Amino acid sequence: MPKADKLYLVGFMGAGKTTLARALAARVGWKMVDVDEWIEQRERRTIADIFRERGEPYFRALEREAVRALLPERHAVVATGGGTFADPDNRAALLSDGTVVWVDVPFSAIVERVPSDGRRPLAADRAAFEALYLARCAAYRNAHIRLDGTLGPAADLVERLLDRLGW
Ligand code: S3P
């Protein structure tokens, strides 16, 4: 059984994981941790720069390192990156460390929310972006809980999720 003192939010880019994690953490009085922020602070450069200067495999190695480093955190809401839960080792680690919530948002809404401005390197090519979305959904389905991310602003989603968790 996953531990009840930690929540992981997984889902595609633009699903609202970071915003929801922040609202959730404030609501339950836990800390909020963001995998992308952990990586950017550790590297002292942006995700876009890491992809450009070192490539995606280097970024994925950092992402796995972030997951391991954050395992001891308790009473935490962790916002993951869109690819974090797609990695089988990360997936197994998250599923056994906490309750994993998939923030599910349809691709049509994702496209409106995520500009192809280079801030998210994998969103630049729109056809590849959609293929990635479909492939990723297969991984996200392994989450403990699926939360429809279109059902209102973050404050409403927080209450829905707390209901689902029976908190
Ligand atoms: C990625 C998602 C991004 C970030 C990086 C790679 C992905 O996080 O980790 O650009 O592979 O889906 P967000 O989901 O927070 O945008």
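Owing to the predicted nature of the structure, the values given are computational and were not obtained by experimental measurement. All ligand and atom numbering here is 1-based and tracks the order in the structure.
- Considering only heavy atoms from C-beta on, M32 comes within 4.5 Å of T18 through its side chain.
- The side-chain contact (heavy atoms from CB on, under 4.5 Å) test with V100 is passed by exactly one of L7, L94, N142, I145: L94.
- There is no side-chain donor-acceptor pair under 3.5 Å between T84 and N90.
- Using a distance-only test at 3.5 Å, with no hydrogens or angles considered, a donor-acceptor pair links the side chain of E40 to the main chain of I47.
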Name each donor-acceptor pair under 3.5 Å that joins a side chain in residues 156-165 to protein atoms two or more places apart or in another chain, with its distance.
{"residue": "E159", "atom": "OE1", "partner": "R27", "partner atom": "NH2", "Å": "3.0"}
{"residue": "E159", "atom": "OE2", "partner": "R27", "partner atom": "NE", "Å": "2.7"}
{"residue": "R164", "atom": "NH1", "partner": "R146", "partner atom": "O", "Å": "3.0"}

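- Within 4.0 Å of ligand 1, the residues that place a heavy atom are M13, K17, D36, I47, F59, R60, G81, G82, G83, R120, P121, L122, R136, listed by chain and number.
- Relative ring orientation between Y140 and F12 is described as perpendicular, the plane-to-plane angle rising above 60° on a 0-90° scale split at 30° and 60°.
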